[in-house]
Amino acid sequence: MWRPTPTLPLVAALVAGACIGAGGGAATYAALSSGNTKTVVHQVTVGDSGRDASTSSLSVHDIYALAHKGVVEITVSEQSEGFGSRPQQGQGSGFVYDADGHIVTNEHVVDGADSVSVKFWNGATYDAKVVGTDASTDLAVLKVDAPDSLLEPLSLGDSSKVDVGDSVVAIGSPFGLEETVTAGIVSALHRQMTSPNGFAIDDSIQTDAAINHGNSGGPLLNAQGKVIGVTAQIASDSGGSDGVGFAIPSRTVRSIVSQLIASGKAEHAFLGIGLEDASASGGARVTQVRSGTPADDAGLHANDVITRVDGKRITSADELRAAISARQPGDTIALTYTRNGNSHTVEVKLTSRPS
């Protein structure tokens, strides 16, 4: 059955909590009208992003006029257990990705659904097929057999060119109110969300544009009307918009969606360790080595401090995670680590991340 989204109390980082309304601090929610997902958000310190100053800005009205016909409302149904029970419904948002009828949304919007429908800006509604999902990045691709006249794909922008303070617009269906537009700025960059299956979604974009339940899967657009992110989560005391929303960056969207369209699944490189920052000398300290993983096969131990990947210096756990994410399953990398004051280098063949 569909269940209320669990909240996440804010204690240094946001960690798992109980049901909606529990606790006294801020909490994170999937921006979905109903569903069940577990999320964590914290800040990652990285270098500057690089503004693209050569483009001019559109007004909110112009952005809406340019993009709103490419935004859709998604309704999902799941059959409840028990004789005579009625299907349970959830609702989110999405956007047209290409002229073939592919629709991008969040994985948590369609997770567990028995049926999915897509409603366009003019009210026309079509059944949708789930092409593929990736819980590790909370992204999904649907496909609809809709006429060409309704398929107005949105263009992906480059999330690496976004700066704090840039204007953004979100379009979606908060609380089922389709074609709702809100505006704000990029509040912060390089946030890290935790995906529905517990892996990190790096370089997430924080915004104060109003995002509420039902916005999940909708586009976050830059001042040129291009998609720089897919809205996914909010942090809130009330369960509604408190001005702290998060979006999956478009660079991740581009990579994962292309894989989902091609094969129905996305693969991620996997090392098999738990990590934390090594505060004394920098690097990434190994907190856990999972049995049977590439790290285990390579002889890594808890408390080893990884300092380099393929000769490039690693100064934090987040840098190491990013370095692994940039590789493909099957790649072999050289890891340099220290143990008991001695430096070692070992070659590790990465595998595919388990679900």
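Just so you know, these numbers come straight off a predicted model, no measurement behind them. Scope of the values below: all heavy atoms of this structure, side chains included, with no hydrogens, waters or symmetry mates.
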May I ask you to decide if Ile248's main-chain N or O and Thr252's side chain share a donor-acceptor pair within less than 3.5 Å?
no
Determine whether a donor-acceptor pair (N or O, by modelled atom type, separation under 3.5 Å) exists between the side chain of Ser159 and the backbone of Arg251.
yes
Given Tyr337, which of Asn342, Val305, Thr307, Leu300 fulfils the side chain to side chain contact (heavy atoms under 4.5 Å, CB included) condition?
Leu300
After noting the C-alpha distance and the side-chain angles of Asp98 and Lys143, does the key distance pass the salt bridge (Lys or Arg N to Asp or Glu O under 4.0 Å) rule?
CA-CA 10 Å; Asp98 60 26; Lys143 194 172 191 301; over 6 Å; no
Flag for Ser59-Asp62: side-chain donor and acceptor within less than 3.5 Å:
yes
Within the 3.5 Å criterion, strictly below it, is a donor on Asp158 or Ser160 matched to an acceptor on the partner's side chain?
yes
With side chains defined as the heavy atoms from C-beta onward, is the minimum distance between Ile185 and Thr207 less than 4.5 Å?
no
Without swapping roles, check the side chain of Ser77 against the backbone of Thr75 for a donor-acceptor pair under 3.5 Å.
no
Quick check for you: to the nearest 0.5 Å, what is the distance between Trp121 atom CH2 and Leu150 atom CG?
8.0 Å
Just so I know, are the side chains of Asp242 and Ser238 near enough to count as touching, which here means a heavy-atom distance under 4.5 Å?
yes
Please tell me whether Thr336 and Thr345 have a donor and an acceptor in their side chains that are separated by less than 3.5 angstrom.
yes
Hey, what's the ring geometry for His68 with Tyr64, parallel, tilted or perpendicular (30° and 60° as the breaks)?
parallel
Tell me, do Tyr97 and Leu154 make a side-chain contact under 4.5 Å, heavy atoms counted?
no
Does Thr231 reach the main-chain N or O of Asn215 with its side chain, forming a donor-acceptor pair under 3.5 Å?
yes
For a quick check under 3.5 Å, do Asp304 and His344 share a side-chain donor-acceptor pair by atom type?
no
Please check if the side chain of Asn106 supplies one atom and the backbone of Asp138 the other of a donor-acceptor pair under 3.5 Å.
yes
Would the distance check show the side chain of Ser236 and the main-chain N or O of Gly240 forming a donor-acceptor pair, the cut-off being under 3.5 Å?
yes
Within the side chain of His213, is there an N or O that forms a donor-acceptor pair under 3.5 Å with the backbone of Gly92?
no
Flag side-chain contact, heavy atom, 4.5 Å: Gln288 against Val286
no
Hey, are Gln79 and Asp114 close enough side-chain-wise for a donor-acceptor pair under 3.5 Å?
no
Taking the side chain as every heavy atom from C-beta outward, state whether Ile205 and Ile228 have any atom pair closer than 4.5 Å.
yes
Judged by atom type as modelled, is there a donor-acceptor pair below 3.5 Å linking the side chain of Glu107 to the main-chain atoms of Thr133?
no
Side-chain donor or acceptor of Ser263 paired with backbone N/O of Leu260 under 3.5 Å:
no
Can His108 and Ser216 be counted as having a side-chain donor-acceptor contact under 3.5 angstrom?
yes
Are the side chain of Thr105 and the backbone N or O of Ser93 linked by a donor-acceptor pair below 3.5 Å?
yes
Verify whether one side chain among Ser195 and Asn197 offers a donor that lies under 3.5 Å from an acceptor in the other.
yes
Any side-chain donor paired with an acceptor under 3.5 Å for Ser187 and Gln206?
no
